[in-house]
Amino acid sequence: MASRFSFWAVLLVVCAPVLPQAFGQSATVRGFVTDASDGQALQGVNVALRDLGGNLRGSVSDDDGFFIITRLQPGRWMLRATFIGFETWTDTLDLGAEATARLSIELTPGVEMGEFVVEAERDGGATIAAGVQTVRPRDVELVPTPDVSGDLVSYLATMPGVVSLGDRGGQVFIRGGEPSHNLSLLDGMYIHQPFHILGFYSAFASDLLRNADIHSGAFSSKYTGRMSSVIDVHTRNGNNQSMRRTFSFAPFVSMAILEGPVRRGVMSFLFSGRASTIERVAPRYIDQPVPYNFGDFFGKVHATLSRSHQVSASAIHTYDRGKLAENVEDSDEIRWHNTAYGMRYLVAPPMLAMLGEILFSVSRLEMTIGPPDEPLRTSAIDGFNFAVNLTNYGQRTNVDWGFYLRPPQLDAELGGLFQNLEFTSDRILATGAYFEPEVSVTPDLRIRAGLIAEFLGDQGFHMEPRFRVMYGRGPHQFSLAGGLYRQEMVGINDRRDATNVFTAWTGSPTGNLPSSIHGLVGYNVSLSDGMNLSAEAFYKDLSGLFVSEWTAFPRFTTRLQEASGRAMGLDLRLELQRGKFYGFVNYGLSSVEYSAMQETLPVWFGSDEVRYRPPHDRRHQINLLVSTTLAGFDVSVRWNLGSGLPYSQIRGFDGFVLMDGPTDVSREPGMARVIYDQPYGGILPSYHRLDLSVDRVFQYGDDSFITFQAGLVNAYDNANLFSLDVFTLRRNYQLPLIPTAGIKFEF
């Protein structure tokens with residue numbers, strides 16, 4: 001009896017914001033907005049209600065196209081749904097007391113703009129708020145890439161605070177965090193290694209995107225299990241009105257997409273596949289091998305069961321194989337495979353002002369390095385994720401809450417790389433719940449405060465508070481956010497070798513969970529029509545890091561040690577949109593420092609603590625992007641400048657005699673041995689590159705298109721360094737000047 005009473009007490013507290021709508025005398029209007037031509041959800045649609053007395057209420061649809069307006073007085077209301085590029089949708093609603101009107105609004109593409117139309121702001125970097133930026137396909141397609149279609153990773157590389165290894169490696173560092181500190185989701189599925197080995201591509205092709213939310217820090221309580229950032233990607237649904245086919249061909253990668261209705265207007269499918277061609281094609285016109293083979297396959301089925309229920313099933317498989325060192329014949333080959341499949345159920349209960357999401361997915365990552373038949377090192381993650389996310393809507397208060405369960409299985413074998421660590425198979429149970437209300441204190445001030453209660457098996461019970469404050473006044477917007485973040489898994493990488501992108505996943509070797517404390521403050525302002533400026537300062541306090549122990553002598557093996565650190569910086573961005581011209585320039589200032597303790601350090605440096613810049617600490621970064629239309633051609637230009645990354649220098653040499661038996665040291669000359677200087681004390685040359693692309697789209701028939709694309713990668717052929725062998729001084733460079741061309745058919 002007591003447990004039953006507790007359950008209903010909790011339910012009463014959680015549902016308090018919606019009880020007046022469910023059982024009071026007010027009415028509610030809610031529903032989903034879609035594109036009538038293909039059934040895609042439309043985000044940012046303005047839905048306005050006006051009664052006979054002139055009272056005006058409104059809402060804006062979210063990324064599922066969902067909108068809700070609560071606490072409406074019974075009576076007659078005029079409804080208008082408006083969106084730029086679509087005809088205005090109108091209706092008259094007679095709402096009774098306690099009534100809930102459930103609508104399915106289908107907007108027809110057109111140019112009509114009715115009353116109450118508010119043009120949505122462009123979701124570029126200048127509208128970033130509290131560390132969150134929403135990216136849509138139209139943003140991605142502006143960035144020049146060696147393909148007819150864009151890719152999300154190319155846009156990520158233009159964001160201040162994001163550091164990539166360049167053309168190779170599939171590694172992205174966001175505001176000081178390691179790649180293993182990033183949470184990557186695709187339709188709610190965990191993608192543990194989302195980026196391909198060639199840095200222009202990821203598992204997130206723009207032709208599949210609906211949108212992507214990039215949380216570079218201080219993210220909300222909905223996201224758990226990582227300590228630095230979140231990349232939350234949502235794919236579009238297949239066309240539920242007609243069959244569509246897309247084929248593209250380019251020297252780097254080719255793609256095919258097939259989509260259409262299973263049941264017209266109700267159920268749709270979408271299947272896609274990409275395969276690289278650069279390994280076979282590129283050596284014919286550049287004077288170096290490009291030993292990369294990669295690709296991905298994606299499928300999705302979506303069904304609208306009723307005006308309140310939707311369900312979708314998604315699956316993805318990615319593969320990568322390549323060699324990163326200059327001496328391709330002798331270097332190790334690295335391979336990885338991602339496989340994930342999952343289900344998403346979306347429900348808006350008929351009698352409650354609530355939207356619910358149920359997620360279930362299974363994900364697996366396998367990574368190896370070395371000869372294909374006998375790899376030197378292996379690593380795997382295998383597990384499922386179950387999550388329930390709910391939002392209760394009130395007039396001034398919305399409450400996000402939910403719970404989750406994930407028990408990842410971790411396996412790794414590193415061939416003795418870390419001498420003080422014996423890898424075993426780990427099963428980690430992570431389960432918890434979160435509660436995060438958002439209160440509109442005034443029309444200008446919104447405050448969100450969240451709390452996560454999490455149980456991590458042997459690690460016990462933990463609490464993670466989060467908060468966000470947003471204040472807007474006219475063209476000015478201020479934001480403040482922060483929180484505590486932990487992750488149950490540890491990604492271990494030997495960063496002594498710049499070409500080593502292999503990551504081993506395990507539980508915490510010392511029992512201390514990797515964690516971070518985030519804080520950020522931001523400011524946005526609209527300077528004039530089409531011009532925006534944003535500035536955001538951030539700080540991350542990092543603990544429970546695991547790094548390779550510093551040693552004065554080169555070794556094939558090393559020891560693992562715990563470290564702490566901090567990352568801080570300032571991101572600035574100016575954005576301009578005028579007619580057919582769009583452009584932005586941003587600057588990222590960043591400083592990352594690690595600190596580790598070692599017993600042997602006093603012998604070399606007189607202190608048992610070493611502080612150093614990790615090899616991904618890029619202090620200065622500038623990105624410039626310009627896109628316009630000239631004589632029917634879409635032209636895009638992107639220029640990137642990054643200051644040099646740290647590397648470990650050589651301090652000197654000494655003589656070394658191997659005493660593996662009776663040795664006459666007076667006659668044995670021995671060999672020269674390298675002695676390293678302090679870790680990462682040197683700076684590599686700066687990185688800069690110019691990319692260009694020109695596209696032209698031709699329409700044939702009623703609804704068919706051909707797109708021609710031509711471009712240049714590294715247009716002025718700058719010799720950008722990828723890695724440096726400090727023993728031989730051999731340099732491994734990024735890609736040289738590469739002309740590209742491609743063609744895409746859509747019909």
Side-chain angles (χ1 to χ4, degrees), residues 123-135 139-140 142-143 152-167 171-179 181-182 195 199 212-219 228-231 479 481 516 518-525 532-542 565-576 583-594 613-626 637-646 680 683-691 720 734:
D123 292 304
T127 59
I128 191 169
V132 185
Q133 181 178 344
T134 298
V135 180
D139 301 305
V140 176
L142 296 176
V143 183
L152 179 61
V153 70
S154 296
Y155 189 89
L156 284 175
T158 70
M159 295 175 59
V162 176
V163 175
S164 70
L165 293 182
D167 310 326
Q171 302 282 284
V172 172
F173 305 80
I174 299 178
R175 286 189 175 176
E178 298 271 357
H181 300 161
N182 304 329
F195 305 110
D213 294 324
I214 313 301
H215 305 254
S216 53
F219 40 91
S228 181
S229 65
V230 177
I231 303 171
S479 57
S516 62
H518 295 193
L520 62 84
V521 58
Y523 171 68
N524 299 326
V525 60
N532 295 283
L533 174 67
S534 72
E536 192 165 271
F538 66 90
Y539 183 89
K540 296 180 181 179
D541 183 80
L542 313 171
R566 60 106 181 107
M568 59 184 182
L570 175 67
D571 294 345
L572 301 173
R573 178 156 171 161
L574 179 66
E575 184 180 41
L576 176 64
F584 67 74
V585 59
N586 62 49
Y587 168 71
L589 172 65
S590 176
S591 174
V592 186
E593 183 181 79
Y594 284 1
R613 297 173 57 187
H616 61 274
D617 179 27
R618 175 159 280 159
R619 288 289 170 85
H620 306 279
Q621 189 162 238
I622 298 174
N623 280 283
L624 174 67
L625 177 70
V626 173
V637 179
R638 184 241 174 160
W639 182 72
N640 171 232
L641 169 65
S643 59
L645 296 173
Y680 305 105
I683 302 296
L684 295 173
S686 61
Y687 172 96
H688 52 96
R689 192 181 79 195
L690 178 69
D691 297 334
N720 289 305
Q734 309 275 8

Can you measure from [atom1] ([X]) to [atom2] ([Y]) and round to the nearest 0.5 angstrom?
| X | Y | atom1 | atom2 | answer |
| --- | --- | --- | --- | --- |
| Ser534 | Phe584 | OG | CZ | 10.5 Å |
| Ser590 | Ile174 | OG | CD1 | 12.0 Å |
| Met159 | Gln133 | CE | CD | 4.5 Å |
| Leu152 | Phe195 | CG | CZ | 7.0 Å |
| Ser686 | Arg618 | OG | CZ | 8.5 Å |
| Ile683 | Leu645 | CD1 | CG | 8.0 Å |

Is there a donor-acceptor pair under 3.5 Å between the side chain of [X] and the backbone N or O of [Y]?
| X | Y | result |
| --- | --- | --- |
| His215 | Gly131 | no |
| Asn182 | Val172 | yes |
| Lys540 | Ser228 | yes |
| His518 | Ala218 | yes |

Notebook entry, point to check: Any side-chain donor-acceptor pair under 3.5 Å between Ser643 and Arg619?
Noted result: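 There is no such pair (donor and acceptor under 3.5 Å, judged by atom type) between the side chains of Ser643 and Arg619.
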Nearest non-hydrogen partners of [X] and [Y], listed with the distance:
| X | Y | value |
| --- | --- | --- |
| Gly176 | His616 | O-NE2, 3.1 Å |
| Arg613 | Tyr680 | O-CB, 3.2 Å |
| Ala130 | Ala481 | CB-CB, 4.1 Å |
| Ala567 | Val592 | CB-CG2, 4.1 Å |
| Val143 | Ser154 | CG1-O, 3.8 Å |
| Pro179 | Phe173 | CD-CE2, 3.2 Å |

Next item on the list: Hey, can you tell me if His688 and Trp639 have their rings parallel, tilted or perpendicular (30° and 60° cut-offs)?
Entry: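 It falls in the tilted class, 30° to 60°.
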Heavy-atom check, side chain of [X] versus side chain of [Y], under 4.5 Å:
| X | Y | value |
| --- | --- | --- |
| Leu542 | Arg566 | no |
| Gln171 | Glu178 | no |
| Val162 | Ile214 | no |
| Leu574 | Leu576 | no |
| Val637 | Leu690 | yes |

Next item on the list: Check the pair Val230 / Asp213 against side-chain contact (heavy atoms from CB on, under 4.5 Å), numbers first and verdict last.
Entry: CA-CA 8 Å; Val230 177; Asp213 294 324; over 6 Å; no
Next item on the list: Go through Arg573 and Asp571 one step at a time and tell me if the salt bridge (Lys or Arg N to Asp or Glu O under 4.0 Å) criterion holds.
Entry: CA-CA 7 Å; Arg573 178 156 171 161; Asp571 294 345; over 6 Å; no
Next item on the list: Let me know which of Asn720, Thr158, Asn623, Asp691 forms a side-chain hydrogen bond (donor to acceptor under 3.5 Å, both in side chains) with Asn640.
Entry: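 With Asn640 as partner, Asn720, Thr158, Asn623, Asp691 yield a single side-chain hydrogen bond (donor to acceptor under 3.5 Å, both in side chains), made by Asn623.
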